[in-house]
Amino acid sequence: MLDIRLIRNDSQAVKDGLARRGESTDVIDRLVDLDSQLRQLTGERDSLRAEIRRVSNEVGQMFRDNNREAATELQEMSRQLGAEEHALDDKADALETELRSALLRVPNLPAIDCPDGASENDNVVVRTENFDADSYGDHQKVPHWEIGEALGILDVERAVRMSGSMFVMYRKMGATLARALCQLALDRNADLYEEVRPPTLVKTSTLEATGHLPKFAEEAYQIERDDLWTIPTAEVPLTSLARDEILSESDLPMRFCAHTSCFRREAGSAGKDTRGLLRVHEFDKVEILAYSTPEQASAMHAEILGRAEAIISELGLAYRVLDLCAGDIGNSAARTFDIEVYAPGADKWLEVSSVSWFSDYQARRANLRYRSSDGKGTTILHTLNGSALAVPRVWAAIVETYRQPDGAIRIPELLLPYMRGATEITAP
RNA sequence: GGAGAGGUGCCGGAGUCCGGUCGAACGGGCCUCCCUGCUAAGGAGGUGUGGGUUCGCCCACCGUGGGUUCGAAUCCCACCCUCUCCGCCA
């Protein structure tokens, strides 16, 4: 959520930011108008309340003085003031609701150094590592859904039978590999990032805090009976971890790491890059997230990107880092770097991590504040996060990249400690 | 799910029966200053959040939302949460 005071005082800057995203700026004029009306109204209402309070105290005093007649007169006057106050209050409430719901739908402003651009075609490739298109043999140019079936480690057919399309099931060493990836990601970050296992079912307000609601309700699974939602990412519970709390500046940055299932309806993407593990409704992911001061944010962003990148790199996979343009960053983000891994069998670059800085956009929604070490008062903190490792696509890239001429999968060295002694996955 | 108890500031805890100057006694903590070779003890003052502001102040918040009333932490209704016991269960 943007600061209403920024919209009030510098609406042009806000419009410019939204324009960089290719968003309409009409809503800003409406917000400025609503805000001004609301302040006018609440000002009047508060004066009335002050008057009612003053009069009521007088009434009390008169009763104590046994001056009943005068008291009754004042009571009548206060009753009328009360009716006026009530009417103003209703108006103010309606305005406030309207203002808030409009404000919740305004996306974050892109960072100054976020590249310009209208769509994913304008994203900037910052670097490409470990990639040589000619280095892949024919044995590596087999898509993981074929490899997985041949080795009996990926069972799409039965998963679809029990849950529907875009659900998958890992089996045997395939399941072990999926779990190994999670454990690797958790262990690698445990030096600085507190391991958390949060709930995967959350309230509406929790999904609102990250910006997933109200705009993207279609993307999440909802359990209406209990008014709960499944999380699309651990970013959601982790962002709300210290919701409504006031932290100390000396506590920052705070770093968290969580492995959870993630659920995405992927509405509208049926048939689009959905084969095998390319896009699934339920998957495992290890997320890393930080709360920081505004001053620490830039360094934290680099740290999280570095950590996400290092795992992919050390797993021996080819990847590239993209600096997303203003037209392609997510609703809540101010700046985002994507890591895409190359899958030689599918011959695609697969997004495996989105490392974002959200400035104070999510923190304002979640009411995450800190008290600065010197001065008084509180400041909204900043949030940042990224996938340390998203299982399905990394699993796919490993299976394709590490496929040997004989059809077996060699296990990357980094994963050996987690594979119960196996060094390769072979046909049954 | 059932029964009982309870939700007040950083913490403990009073106020709720009998509505009024209560954003809130008292104690602890914390901060500043004084005293003091140092420390401890002692003394004085300060110490919630958010919004508005003509920068004087004003308003809101005592679990949440409604209601009654001139006036609600206090009365009424609904809901949520916590604790204890019972039931159920991994």
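Predicted model, so just to flag it, every value in this text is computed and none were measured. As a basis for the values below, the full set of heavy atoms in this structure was taken, side chains included, without hydrogen atoms, waters or symmetry mates. Throughout, a chain's letter reflects where its sequence line sits, starting with A, and its residues are numbered from 1.
A salt bridge is defined here as a Lys NZ or Arg NE, NH1 or NH2 lying under 4.0 Å from an Asp or Glu carboxylate O, and Asp323(A) with Arg335(A) meets this definition. Using a cutoff of 4.0 Å between basic side-chain nitrogens and carboxylate oxygens, Glu424(A) and Arg410(A) are not scored as salt-bridged.
Between Glu58(A) and Ser78(A), the one whose closest nucleotide on RNA chain B sits nearer the 5' end is Glu58(A).
Within 4.0 Å (heavy atoms only), Arg54(A) reaches no atom of the nucleic acid at all.
Summarising the base pairing, C61(B) is matched to G48(B) through a Watson-Crick or G-U wobble pair whose two defining distances lie under 3.5 Å. Base pairing of G56(B) is not made with any nucleotide, judged by Watson-Crick or G-U wobble geometry with both donor-acceptor distances under 3.5 Å.
Here Trp229(A) and Phe263(A) keep their ring centres 6.0 angstrom or further from each other. Residues Tyr361(A) and His382(A) keep their aromatic ring centres 6.0 Å or farther apart.
As a whole-Å value, the separation of Leu247(A) CG from C10(B) C1' is 14 Å. As rounded to whole Å, 14 Å separates atom P of G48(B) from atom CZ of Arg369(A).
Taking side-chain N and O atoms only, Arg39(A) has a distance below 4.0 Å to OP1 or OP2 of U53(B). For C61(B), the OP1/OP2 oxygens have no side-chain nitrogen or oxygen of Arg49(A) closer than 4.0 Å. At least one side-chain nitrogen or oxygen of Arg8(A) sits closer than 4.0 Å to the OP1 or OP2 atom of G52(B).
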